[in-house]
Each structure stands twice: as C-alpha cells, then as structure tokens.
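Below, chains carry the letters A, B, ... as their sequence lines are ordered, and counting in each starts from 1.
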Number of protein chains: 2
Amino acid sequence: MGENKIYKIWVVEDDPVFKTSLEDLVELEEQFELVNSVSSIESALKGFTSKPSPDVILEDIELPGMSGIEAIPFYKKQFPEAAVIMLTIFDDDDRVFEAIKAGADGYLLKRSSGDEIIKAIKDVIKGGAPISPAIAKKMMSMLSGGNPSLKESPLTKREHTILKFLVEGYTIDMISAELHISPFTVDTHTKNIYRKLHVHNRSSVVAKAIREGLV
Amino acid sequence: MGENKIYKIWVVEDDPVFKTSLEDLVELEEQFELVNSVSSIESALKGFTSKPSPDVILEDIELPGMSGIEAIPFYKKQFPEAAVIMLTIFDDDDRVFEAIKAGADGYLLKRSSGDEIIKAIKDVIKGGAPISPAIAKKMMSMLSGGNPSLKESPLTKREHTILKFLVEGYTIDMISAELHISPFTVDTHTKNIYRKLHVHNRSSVVAKAIREGLV
DNA sequence: ATGACCATACCGGGTTTCCGGTATTTTACG
DNA sequence: CGTAAAATACCGGAAACCCGGTATGGTCAT
C-alpha cells in the first residue's frame with residue numbers, strides 16, 4: 001500500500017441490513033471507494049462492463065441464485081488483479097474448501113467486527129489472506145489430517161534428523177546452520193544416509209524416505 | 001472468555017529484545033498473567049514441574065538447540081489444554097506445515113503488531129486459530145494445491161512426464177537421453193515445473209509431487 | 001579396556017543443478 | 001486464420017551436490 005492510491009471496492013450482498021453496514025464501513029475509510037454495490041451475482045456480472053474495475057470484492061457466500069463460490073472464477077477471469085473476500089455465516093468445512101479451490105483470497109465470518117473487516121481488506125491489498133480465526137482452525141485441521149505410520153529404519157538418530165531436513169529441501173549449508181554443526185559433518189551424514197538407503201542423489205533419498213514412511 | 005478468569009501465559013523466546021517486548025505486552029493486559037518466561041526449550045521443559053500450568057504458550061520457532069516445532073508434542077502431552085502459538089520471522093511453507101502437523105494452534109509473524117499478538121492470544125483462548133495473513137496465504141495455497149483427490153495438476157503433459165523422471169532420481173542428461181530431446185529443453189521444463197509448484201530445488205519438487213499425488 | 005558405533009570435522013575435484021535470460025517451432029482452439 | 005499456449009533449444013555463471021578419502025573424540029557394552 002504505502003502511497004495515496006484509492007482502492008476500489010465492490011460489495012455483493014443480498015441481506016439489506018448487512019449490505020448497508022458494509023457500504024458504510026467502506027465509505028468511512030478514506031483510502032477506499034465503493035464503486036459498485038449489488039445484491040446478486042447476476043447484477044454483479046452486469047457491472048463487469050459498466051462499473052469501474054474493483055481492487056477488492058466483498059462477496060456473501062450464501063446468495064440466492066448462483067452460489068457466491070461459483071461466481072469467483074468469473075471475477076478472476078474478468079479482473080485478474082482483484083482480490084475476492086468471502087463473507088459467510090457458517091464456518092463450514094466444505095464451503096471453505098470449495099471457496100479456496102475456486103480462488104478466494106480471504107474468508108471472513110459475518111460476525112467479524114467492522115475493524116476486522118477493514119483490516120481484512122487492507123490485508124488482501126498487501127497480498128495476505130485474511131481468515132477468521134475460527135475458519136483458520138478448520139483449515140488447519142484439514143491440513144493436518146492424515147499422517148500415518150512410521151517405520152523402523154536402519155538410520156541413527158542424527159541421520160534421521162538430517163533426513164527430515166533433506167526431505168524438506170534444505171541445503172547442506174542450511175542444515176548446518178540449523179543444527180549448529182559443520183557443513184562437512186552434514187555432508188558426511190548425508191553420504192552415510194545415501195549408503196544405507198542405497199541411493200545416490202537427493203531426489204531418490206527424498207522419494208524413498210517419503211514412500212517408505214521414514215519421515 | 002466472558003468472565004474474569006486470569007489466563008496464564010508462557011513465553012519461550014531466545015532473542016532478548018523481542019522476549020522483553022512479549023513480556024511487557026502480556027503483563028500490560030489485565031486478564032493475562034506471565035507465569036514463565038524462558039529463552040530455550042530446555043528451560044521450558046524444566047518449568048513443567050516447577051511453574052504454573054499455562055493456558056497459552058508463545059514460542060519462537062527459530063530457537064537454538066531443539067527446534068520450536070519439535071517441542072510442541074511435549075507441551076501438548078504435559079498440558080493438553082494449553083494452546084501453542086508459534087512466532088516466526090519467515091513465512092516458510094514447510095515450517096508452517098510442520099508446525100501444523102505438530103499441533104500448533106496459531107502461527108504469527110514476528111513483525112505482527114502488539115495489538116495483533118494480544119488479539120491472537122484472545123483468539124486461541126476462544127478456540128480459534130490466529131494466523132498472520134501472509135501465513136494464511138501459504139496455507140491456502142497448500143490447501144488449494146494440496147488435495148490429491150480433488151485436484152488436476154497445473155502442469156502440462158510434457159511437464160508431468162519430466163516430473164515423473166525427476167521423482168525417480170533421473171538427472172537432466174538421463175531424461176534428455178530417455179526422451180530424445182535436448183538437455184536444455186529438459187532444463188527449461190524443470191524450471192517451469194519449479195515455478196508452477198513454487199519450489200526451488202529437486203528435493204522439494206520430489207516431496208511435493210509425491211505428497212500431493214502428482215505422480 | 002577394547003572394539004564397534006556414532007557424531008563430529010576436513011579436503012579436493014568433478015558433476016549437476018539452478019536461474020535468468022532469449023528465441024524458434026508446433027499445436028490447439030475460437 | 002490468427003494467436004495463445006506448449007514444446008523445443010541455447011547460453012553462462014554461481015551455487016550446490018556427490019564422492020572418496022582421512023581423522024578424532026565420545027559412548028557403550030562385552
């Protein structure tokens with residue numbers, strides 16, 4: 001952000017009360033300008049040609065007619081630079097996931113405060129992804145779900161530690177710094193891991209480690 | 001939250017300057033009480049028996065000695081009710097993922113403001129997962145890019161072929177020979193794959209390809 | 001106390017990767 | 001038919017890897 005640029009905002013929200021709140025919120029910020037506010041996807045699509053291009057689109061996910069999620073690709077196609085923030089009542093797993101897949105840039109609960117919504121708009125402009133904490137929780141559980149069995153390996157404790165870093169793409173120098181040991185030592189461990197796993201390069205060691213559950 | 005309960009906070013941070021900032025921040029809030037502030041995992045572990053149990057643990061991820069991530073399971077075992085918020089300088093994909101897997105409840109950039117950190121603590125107490133917007137961005141890309149069953153790869157047919165060889169540990173020259181194309185071409189494809197998958201070395205591309213079911 | 005193993009550390013040199021370019025031909029699609 | 005995307009190809013420099021060595025201090029069990 002930094003300078004004095006005025007950011008153009010679109011609002012797509014069918015509930016008249018909440019729509020008005022959003023409008024007020026946006027208009028009270030000096031650096032924002034509400035250039036289009038509609039109550040359905042269909043009306044929003046009409047604005048593609050007649051309204052100023054948005055920098056940020058605030059869109060309700062629970063809209064009559066076409067779902068707010070389905071509309072995202074259209075926005076993205078027409079305005080590739082625009083950020084889309086979804087607003088929702090429910091922190092529903094599937095919806096969150098669908099919206100993220102569709103390319104939403106942020107995901108807020110409607111019960112968020114005005115300040116939080118303003119902050120969210122500023123965050124997306126800065127390239128971040130504002131997410132309500134409750135929704136972030138869902139995302140985290142989705143991410144962490146499913147890391148099964150570890151297996152017995154012929155590697156020593158230290159080698160196993162090194163292996164984990166190798167799999168994460170760390171270079172020898174990075175591992176050296178991380179573990180506070182000489183890069184030469186890391187190199188030695190790496191060679192020993194290669195020998196024990198019968199491989200001869202990074203790619204193979206990573207593939208083997210993951211496939212055999214060594215990490 | 002609601003009532004008058006005082007929440008007990010632990011701080012684990014090795015940088016003395018930032019540590020002091022955190023301490024001040026926590027102590028200035030009436031509903032928080034700083035009950036343990038240390039500069040290493042080892043010291044934190046010692047506090048398990050001697051210090052009051054925490055409701056929230058603020059922990060630097062880049063600590064000397066044992067990694068902040070490795071420590072999470074210990075906290076969770078000893079204090080199942082405590083929420084762990086990780087603090088980091090880098091919004092690094094792999095770290096975020098590792099920390100989430102390990103059970104972190106929140107993930108903040110150190111450049112966050114004092115207000116944001118306080119709000120984060122309140123958020124975890126309410127059961128949310130506070131995440132810096134920049135980190136949420138990473139999580140979203142991991143989610144949207146990271147579901148084997150629901151996702152088509154962004155790679156072209158040829159890139160996908162090359163990727164399979166990379167995962168098998170082939171060098172560029174070997175792939176070049178196998179496909180009867182110039183090694184320069186293989187190099188170009190490889191670079192494009194890296195760009196599309198947001199990685200910068202062989203190890204990472206192999207790990208990502210296997211974990212996301214791209215091969 | 002004496003191997004066996006582990007973790008540490010160092011060296012040199014050839015090989016390969018990684019990156020940022022540029023550029024041409026082929027293919028697919030509206 | 002035109003054009004966007006994909007596939008092909010090339011260059012050079014910096015960085016990282018891979019290997020075959022050697023070597024030393026610590027731990028642990030026989």
Side-chain angles (χ1 to χ4, degrees), chain A residues 48 73-74 76-81 152-210 214-215, chain B residues 42 64-67 70 92-94 152-210 214-215:
Chain A
F48 275 18
F74 292 99
K76 288 288 175 179
K77 177 118 196 228
Q78 184 76 7
F79 310 114
E81 303 300 313
E152 199 49 50
S153 85
L155 301 181
T156 69
K157 194 171 261 177
R158 200 51 156 173
E159 285 162 0
H160 186 254
T161 304
I162 306 270
L163 178 59
K164 284 194 294 185
F165 284 110
L166 294 178
V167 170
E168 298 307 322
Y170 282 54
T171 67
I172 283 179
D173 282 341
M174 287 160 73
I175 300 172
S176 149
E178 194 71 28
L179 297 179
H180 309 292
I181 58 179
S182 155
F184 295 112
T185 304
V186 178
D187 182 60
T188 300
H189 285 308
T190 304
K191 282 186 292 190
N192 290 333
I193 294 170
Y194 283 10
R195 185 175 40 72
K196 289 183 179 179
L197 298 186
H198 308 107
V199 298
H200 305 92
N201 58 56
R202 277 301 154 83
S203 305
S204 303
V205 90
V206 170
K208 191 146 195 163
I210 295 178
L214 298 178
V215 293
Chain B
E42 291 72 17
M66 186 194 274
S67 141
E70 291 175 72
D92 176 276
D93 276 53
D94 300 327
E152 81 292 11
S153 115
L155 303 180
T156 68
K157 198 168 272 177
R158 199 51 154 175
E159 286 162 358
H160 186 254
T161 305
I162 306 270
L163 178 60
K164 285 193 295 186
F165 283 110
L166 294 178
V167 170
E168 296 307 318
Y170 283 53
T171 67
I172 284 178
D173 283 340
M174 287 160 72
I175 300 172
S176 150
E178 194 72 26
L179 298 179
H180 309 292
I181 57 179
S182 156
F184 294 111
T185 304
V186 179
D187 181 61
T188 299
H189 285 308
T190 304
K191 282 186 291 189
N192 290 333
I193 293 170
Y194 283 11
R195 185 173 40 73
K196 289 185 179 179
L197 298 187
H198 307 110
V199 298
H200 309 282
N201 59 56
R202 276 302 153 83
S203 304
S204 304
V205 90
V206 169
K208 192 148 195 164
I210 295 178
L214 297 178
V215 293

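Of all non-hydrogen atoms in A:Ile172 and A:Arg202, the two that sit nearest each other are CG1-NH2, 3.4 Å.
Contact annotation: A:Arg202 does not reach the phosphate of D:dA16 (side-chain N/O to OP1 or OP2, under 4.0 Å). Side-chain N/O atoms of A:Thr171 include none lying less than 4.0 angstrom from OP1 or OP2 on D:dA15. Regarding contacts with the backbone of D:dA7, every side-chain N or O of B:His189 stays at 4.0 angstrom or more from both OP1 and OP2. The shortest distance between the side-chain N/O atoms of B:Tyr194 and the OP1/OP2 oxygens of C:dC18 is below 4.0 Å. At C:dT8, none of the side-chain N or O atoms of A:Thr185 fall inside 4.0 Å of OP1 or OP2 (strictly under the cut-off).
Distance CG (A:Asn192) to C1' (C:dC10): 15 Å, rounded to an integer number of Å. In this entry the distance linking OH of B:Tyr170 with P of C:dT16 reads 15 Å, nearest Å. Atoms NZ (A:Lys191) and P (D:dC18) sit 11 Å apart, rounded to a whole Å. In this entry the distance linking CD1 of B:Ile181 with P of D:dA9 reads 6 Å, nearest Å.
Comparing B:Ile162 and A:Thr190 against DNA chain D, the residue whose closest nucleotide sits nearer the 5' end is B:Ile162. Projected onto DNA chain C by closest heavy-atom contact, B:Asn201 and B:Thr188 fall at different nucleotides, the more 5' of which corresponds to B:Asn201.
A 4.5 Å side-chain heavy-atom check between A:Thr156 and A:Lys196 finds at least one atom pair inside the cut-off. You'll find the side chain of A:Leu166 reaches within 4.5 Å of the side chain of A:Ile175, heavy atoms only.
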